[in-house]
Structures are given as structure tokens and as C-alpha cells.
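First listed ligand is number 1; within each ligand, the first listed atom is number 1.
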Amino acid sequence: MSHGFDTLAIHAGQDPEARTGAVIPPIYQTSTYAQDAVGAPRQGYEYSRSGNPTRDALQECLAALEGGPVGLAFASGLAAEDTLLRALCKPGDHVVIPDDAYGGTYRLFAKVAERWGLAYTPAKVSDVDAVRAAIRPGATRIVWVETPTNPLLGIADIAALAAVAHDAGALLVVDNTFASPYLQQPIAHGADVVVHSTTKYVGGHSDVVGGALVVADRGLGEELRFHQNAMGAINGPFDAWLTLRGIKTLGVRMDRHCDNAERIATYLDGHAKVAQVIYPGLPSHPGHEVAAKQMRRFGGMISFRAAGGEEHAVEICNQAKLFVLAESLGGVESLIEHPGRMTHASAAGSPLEVPGDLVRLSVGIETVDDLLADLEQALG
Ligand SMILES: Cc1ncc(COP(=O)(O)O)c(C=O)c1O
């Protein structure tokens with residue numbers, strides 16, 4: 001029987017525990033498991049890097065929410081990305097990456113993977129032809145996209161890029177962190193692997209760092225499960241439990257994030273102190289139609305360019321009070337940041353450098369009038 005998203009978020013992988021009936025999956029804070037005889041571990045559990053019931057509950061739930069057969073949880077989004085790259089690629093391979101990827105993802109390609117012989121080409125993910133042109137026939141193993149991108153909120157057409165990647169014999173990997181599975185399910189549009197920083201909307205409370213992969217093909221998923229164990233970048237049972245607790249309210253949180261972001265984007269649009277608002281829900285956004293096609297709603301992230309340039313952008317960030325000046329995103333509280341000097345500082349001087357006048361908002365689920373009042377005073 002298939003269930004709706006919110007039912008899966010609360011129940012998938014989370015049957016009451018067999019021994020006591022505990023409604024919430026226990027935190028199995030153990031590194032090892034007693035075996036009944038040599039070579040006879042109970043239900044396959046022998047060591048918690050290889051398997052842990054709390055992590056298994058989270059993995060099953062993530063797989064159900066993204067609509068793939070295999071979900072895998074990691075210590076962070078970057079740990080998931082690193083495991084994926086080293087499992088799929090070998091020296092001499094090539095990857096197409098977003099030209100405004102999250103700074104840490106770019107750093108992983110530019111400062112780590114390249115040293116091991118993995119070449120990469122940044123391309124504008126909203127431009128299908130540009131992605132096609134960046135492919136090196138025979139060498140490109142992955143077309144890697146974020147949608148919406150971080151921080152410029154570019155929109156990639158997942159179905160079109162899946163066709164481009166598959167034509168070239170490559171896999172399409174979609175970082176779905178900004179949308180969350182509630183707003184967008186890339187596997188349904190042809191993606192092969194979905195990446196998450198579960199630190200963000202999936203966890204949703206800014207209290208745990210984590211990452212995930214959900215894989216469309218079971219065989220590839222099992223290969224990645226082998227690498228998850230072989231490389232060891234798993235999350236611990238308590239972190240898995242916190243993430244799973246956050247997931248239960250993902251749908252209701254996302255709807256409020258979207259409600260608030262829509263109000264704030266409309267307020268900023270046309271404000272005298274704002275040069276440009278970047279929000280996929282605005283009809284002026286170049287990716288609006290593609291976003292409407294593949295997303296349920298448009299998300300809680302807004303970027304805007306300050307009319308007074310970089311110093312003004314920094315001043316807005318410093319003046320905000322209710323919007324907390326902090327990196328990260330996707331929690332219930334609203335955050336504000338200056339990507340050029342904060343989250344994306346590692347891209348400075350590269351083709352992925354972001355504009356200095358850019359401010360990024362992670363719109364939380366507070367009372368929206370309070371958020372609007374805070375922005376009004378911060379804009380100066
Ligand atoms: C889109 C995106 N992908 C991946 C990551 C990396 O995740 P983590 O910080 O959990 O390692 C982030 C972190 O900000 C992100 O925004």
C-alpha cells in the first residue's frame with residue numbers, strides 16, 4: 001500500500017520496536033552486538049559501522065521519502081559526497097559541476113578530488129546546452145547538479161539533464177538539499193542519485209550535522225552501501241535519531257517555510273534598498289517555469305542583491321536581529337548571511353565566486369510579520 005509523504009515521514013522504517021513496543025525507534029548506542037554463534041549475528045548486526053538499527057530506520061525513511069530503493073546516511077553532506085565520488089569515479093574520469101555550487105562541494109572537487117586525478121568542469125546548470133557542452137564524451141562519469149543552487153538559486157531542469165547525462169553514459173546526481181524531498185523528488189524525474197546535507201531542512205532544527213544518499217538503482221545502492229562501510233563516514237545513532245525526529249515534521253515545516261518566503265520575497269521585490277530579488281517563486285526568476293514543473297512549491301531560501309553594494313550587504317547582515325547572522329540553512333529559525341565572506345569564501349578568486357552585494361536568507365517558520373519588521377530595520 002502506498003502512503004502519502006507525511007505518513008511516510010512519520011512511519012517509514014519506524015514500526016514500533018519489537019521487544020517493548022516503543023513507538024519511537026530507540027537510540028541503539030552500541031558499537032557491537034552479541035552473536036549467538038560464530039558467524040551467526042542476530043539479524044545481520046555485527047558492528048555499528050556496518051549496521052545500526054537507528055541508522056537503518058533513518059535510511060529506510062529517507063529512501064521512502066525520495067522514492068528510491070536504497071538510502072544511506074552519513075556523518076555530513078560532504079561525507080556523503082566524498083563517498084559517492086570515490087565509489088563512482090577513478091583517476092582520469094571527469095565530472096560536470098554547477099558553476100555556483102555550494103562552496104564546500106566546489107572545494108571537494110577543486111582541492112581534494114582533483115589531486116587524485118578527477119577532472120571537473122563548472123557549467124551553468126540552468127542552461128541545458130551549457131551542461132551538454134561541458135561533457136567530455138567517454139570521460140564524464142557524473143553530471144552533478146544542485147537545484148535550486150546555493151546561493152544563486154539557479155534552477156536545473158532535472159528531466160532534461162537526466163537525458164543529457166544518460167545520452168553521454170553518465171549518471172545524474174542531484175543535490176536536493178535546498179528543496180528537500182517534500183518539495184522535489186529528483187528520482188521521479190530521472191536522477192540516479194540524490195544527495196542531501198540532512199543538516200538542513202531534513203533535520204530542520206539546526207542541532208545535528210548529517211548527510212544522505214538515495215539511489216535509484218538497487219545494485220548501485222548496494223555498491224554504495226559497501227563503500228559506506230568500507231570508508232566509514234557513517235553518522236552515529238544519536239545523530240541518526242535526531243535527524244529522524246526532525247523528518248517527522250518536514251512537510252508541515254516546509255509549507256510554513258514556503259508561506260513565509262513567498263511573503264518576504266514579495267516584500268523585497270521592488271524595495272528601494274534592494275537591487276534584485278532571487279527567488280524561484282517570483283515569475284521574474286528565469287527558472288520559475290521549470291521550478292513550477294518539478295517542485296511542489298518554491299522553498300524557503302531567498303537571495304537578494306543590496307542596492308548599496310557590498311558594504312550595504314554586509315551592513316544588512318550585521319543589523320539584522322531576529323534573522324540570526326550564521327552559516328547553514330533550513331532550520332526553524334531564520335538566518336541571514338553574506339555568502340561572499342561566509343559560506344562561499346572558499347570560492348573566492350575561482351569561477352564560482354559569488355557577487356559581493358549578495359545577501360542570503362534562510363527564512364524560518366517564525367511569525368512572518370516579525371521577520372518583515374526585522375528586514376525593514378536592517379535594510380536601513
Ligand atoms: C547544497 C549543499 N550541499 C551540501 C552541503 C554540505 O553539507 P554538510 O555541511 O552537511 O557537510 C551543504 C552545506 O551547506 C549545502 O548547502
### Message
Atom CD of residue position Glu327 - does it have more than 12 heavy atoms of other residues, nucleotides or ligands inside 6.0 Å?
### Response
yes
Closest non-hydrogen protein atom to [atom], residue and atom name please, with distance?
atom                    : value
atom 16 (O) of ligand 1 : Asn150 ND2, 3.0 Å
atom 6 (C) of ligand 1  : Tyr102 CE2, 3.5 Å
atom 3 (N) of ligand 1  : Asp175 OD2, 2.6 Å
atom 9 (O) of ligand 1  : Lys200 NZ, 3.7 Å
atom 4 (C) of ligand 1  : Glu81 OE2, 3.3 Å

### Message
Below 4.0 Å, non-hydrogen atoms only: which portion of Thr177 touches ligand 1? Side chain, backbone, both or neither.
### Response
side chain
### Query
With backbone taken as N, CA, C and O and side chain as the heavy atoms from C-beta onward, which portion of Glu327 lies under 4.0 Å from ligand 1: side chain, backbone, both, or neither?
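For Glu327, there is no contact with ligand 1 at all, from either part.
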For [X] and ligand 1, does the shortest N/O to N/O distance drop below 3.5 Å?
X      : value
Leu78  : yes
Thr105 : no
Gly77  : yes

### Task
Would you please test His288 and Phe298 for ring pair (Phe, Tyr, Trp, His ring centres under 6.0 Å) and show each step?
CA-CA 9 Å; His288 177 67; Phe298 301 101; 5.2 Å; yes
### Task
Could you list the atoms of ligand 1 found under 4.0 angstrom from a heavy atom of Thr199?
10 (O)
### Message
If the cut-off is 4.0 Å to any non-hydrogen atom of Gly210, which atoms of ligand 1 fall inside it?
### Response
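Numbered from 1, ligand 1 contributes 10 (O).
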#### Entry: Side-chain donor/acceptor of Glu366 to backbone N/O of Leu371, under 3.5 Å
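Checking the backbone N and O of Leu371 against the side chain of Glu366, no donor-acceptor pair under 3.5 Å is found.
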### Message
Determine whether a donor-acceptor pair (N or O, by modelled atom type, separation under 3.5 Å) exists between the side chain of Trp241 and the backbone of Thr54.
### Response
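Such a contact is absent between Trp241 side chain and Thr54 backbone.
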#### Entry: Pairing of Asp100 and Lys124 as salt bridge, 4.0 angstrom limit
no
### Query
Would Asp357 and Arg305 pass as an ion pair if we require N to O under 4.0 Å?
yes
### Query
Can a cation-pi geometry be assigned to Arg296 and Tyr182, taking NZ or CZ under 6.0 Å from the six-membered ring centre and within 45° of the ring axis?
yes
### Task
Work out which heavy atom in Ile247 is nearest to a heavy atom in Arg253; give both atom names and the distance.
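Smallest heavy-atom distance, with atoms named: N-NH2, 4.2 Å.
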